[in-house]
Protein chains: 2
Amino acid sequence: MDAPTDRLAAMVARLRERGHRISPQRLAILGHLVESPDHPTAETLYRRLLPRFPDLSLATVYKTIAALKACGEILELQFSGQDNRYDAACPTPHPHCICLACGAIADPPAPGVQAMAKALAEATGYAITSHRLDFYGLCPACRRKREQRQERE
Amino acid sequence: MDAPTDRLAAMVARLRERGHRISPQRLAILGHLVESPDHPTAETLYRRLLPRFPDLSLATVYKTIAALKACGEILELQFSGQDNRYDAACPTPHPHCICLACGAIADPPAPGVQAMAKALAEATGYAITSHRLDFYGLCPACRRKREQRQERE
DNA sequence: TTGTATGCAAACACTTTGCACGAAA
DNA sequence: TTTCGTGCAAAGTGTTTGCATACAA
């Protein structure tokens, strides 16, 4: 059994134990979430599942995400200007590298985050329980494109 | 001349050199931004200035913020569920500690952020230009309240 | 059989925009 | 005198909600 399959089973079990039911739509949404390393938006999820569920509703996607949020089984990256992005493969806070050109999101290794959180807790007196670490820039592909464009000029 | 006054002058100068005009409303918004260490929302700014400008419009606040954003003179912390928060006192990216109970935002010292950004750039191939570091938890006051409530139970 | 999930449409909250008027430069 | 800023109202955008029906357990 591979990691996504385990993860899917864990999510289903968690939803069930919280009294949620597993409809075909919901199962498909969960399945797609764990298999998508690209941190999809609700809209993206919806569009990708439409071929399989021709009258799927965006509301259903949002409601499923809400259930996952309530269970702590999904990480929501909020943006006020664009759609929120979701990470259900690894629902605990971790850093992200976000491409400003194409919107790609990568999950880099996170050395030293805990130490930083501890230092900030001591400096401010806050009791820190969670965090959000986003690094913005250009992904390798967009960086290459930009370099080529500059060479041409 | 104290720091907020300097900062205000710098913001005015920057807006002017970009061709913007300084109306009394705009000056008041800027003034309030540099004096507010609490990272206000557009709505908060609006409510605080209403006594001085009884027919101030929220649109004017947003338009002024937009001008500041275009000049790189304000840091916008986006939230999709709540109002965005603004920091014009220090418009370059820096960590924030955000209280989940009362919404307070503190500016802790930031040791090691650059090192982390560099490590992530190397690990992912991203060209990192900016970042957002939010730590969520309870501020000292809300932590105290919660402890007292637990003692009573 | 009971209660939750679905899908539709309407409602929401925050932010942005269009426009006519007024004011900064 | 020439823009640009203002204030109002309307439009946008992404997300949530109400409700009747369908379906999981």
Side-chain angles (χ1 to χ4, degrees), chain A residues 11-33 39-47 49-71 73-86 103, chain B residues 11-33 39-47 49-71 73-86 103:
Chain A
M11 290 165 75
V12 168
R14 176 65 70 92
L15 285 173
R16 280 224 165 87
E17 85 192 8
R18 297 289 188 99
H20 294 288
R21 294 174 184 176
I22 306 300
S23 67
Q25 294 93 325
R26 197 159 271 192
L27 188 60
I29 292 167
L30 300 192
H32 204 86
L33 274 169
H39 305 72
T41 67
E43 174 78 28
T44 301
L45 236 28
Y46 169 70
R47 282 203 318 272
L49 292 170
L50 213 45
R52 276 162 68 195
F53 297 89
D55 51 14
L56 177 67
S57 159
L58 193 50
T60 295
V61 177
Y62 276 113
K63 283 169 182 169
T64 297
I65 289 170
L68 289 170
K69 281 202 281 183
C71 297
E73 292 292 324
I74 196 169
L75 188 68
E76 181 179 59
L77 295 179
Q78 300 189 341
F79 298 94
S80 80
Q82 319 128 58
D83 294 21
N84 294 343
R85 306 279 293 255
Y86 297 94
Chain B
M11 290 165 75
V12 169
R14 176 65 71 94
L15 286 173
R16 280 224 166 87
E17 84 190 15
R18 296 289 189 100
H20 294 288
R21 294 173 186 174
I22 306 301
S23 67
Q25 295 92 325
R26 200 160 267 192
L27 188 59
I29 293 167
L30 301 191
H32 204 86
L33 274 169
H39 305 72
T41 66
E43 174 78 29
T44 300
L45 236 27
Y46 168 71
R47 281 203 318 272
L49 293 170
L50 213 45
R52 278 162 67 193
F53 296 89
D55 50 15
L56 177 67
S57 159
L58 193 50
T60 296
V61 177
Y62 277 112
K63 282 168 182 169
T64 298
I65 288 170
L68 289 170
K69 281 202 281 183
C71 297
E73 291 292 324
I74 196 168
L75 188 67
E76 181 179 60
L77 295 179
Q78 300 190 340
F79 298 95
S80 81
Q82 317 128 58
D83 294 21
N84 294 345
R85 306 279 293 256
Y86 297 94

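Here is the naming used below: chain letters follow the sequence lines, and residue numbers restart at 1 for every chain. What you see is a predicted model, and the numbers here were worked out from it, not measured in a lab. Because only heavy atoms are used, hydrogens play no part in the values below, and waters and symmetry mates are left out as well, while side chains stay in.
Look at CD on A:Q82: it is 11 Å from C1' on D:dG14, rounded to the nearest Å. The CG atom of B:L15 sits 9 Å away from the P atom of D:dG5 (whole-angstrom rounding). We find that CZ of B:F79 is positioned 17 Å from C1' of D:dG14, with the value rounded to whole Å. In this entry the distance linking CD of B:Q25 with C1' of D:dC8 reads 14 Å, nearest Å. Atom pair A:F53:CZ and C:dG7:P shows a separation of 9 Å (rounding to whole Å applied). Rounded to whole Å, atom P of D:dT15 lies 12 Å from atom CD of B:Q78. If you measure from atom CZ of A:R18 to atom P of D:dA24, you get 23 Å, rounded to the nearest angstrom. Across the protein-nucleic acid pair, B:K69 atom NZ and C:dT16 atom P stand 5 Å apart, rounded to whole Å.
Nucleic acid contact class of A:P24 (heavy atoms, under 4.0 Å, all strands): sugar-phosphate only. Nucleic acid contact class of A:E43 (heavy atoms, under 4.0 Å, all strands): none.
The nearest pair of heavy atoms linking A:R52 to A:A28 is NH2-CB, 3.7 Å. The minimum heavy-atom distance linking A:R14 with A:C71 is given by the pair NH1-O, 2.9 Å.
DNA chain C is contacted by both B:I22 and B:S80; B:S80 maps to the nucleotide lying nearer its 5′ end (nearest heavy atom per residue). Both B:K63 and A:N84 lie close to DNA chain D; mapped to their nearest nucleotides by heavy-atom distance, the more 5′-ward contact belongs to B:K63.
For B:R21 against D:dT3, a side-chain-to-base donor-acceptor contact under 3.5 Å is present.
Contact between the side-chain N/O atoms of A:S23 and the OP1/OP2 oxygens of D:dA24 is not found at any separation under 4.0 Å. Not one side-chain nitrogen or oxygen of A:T60 sits closer than 4.0 Å to the OP1 or OP2 atom of C:dA5. OP1 or OP2 of D:dG5 sits under 4.0 Å from a side-chain N or O of B:H20. B:R16 has a side-chain polar atom (N or O) that falls below the 4.0 Å cut-off from OP1 or OP2 of C:dA25.
With contacts defined as side-chain heavy-atom distances shorter than 4.5 Å, the pair B:R47/B:T44 qualifies. Two residues are said to be in side-chain contact when any heavy atoms from C-beta on lie closer than 4.5 Å; B:L15 and B:T64 fail this criterion.
Distance alone, capped at 3.5 Å, is enough to place a donor-acceptor pair between the A:R85 side chain and the A:H39 backbone.
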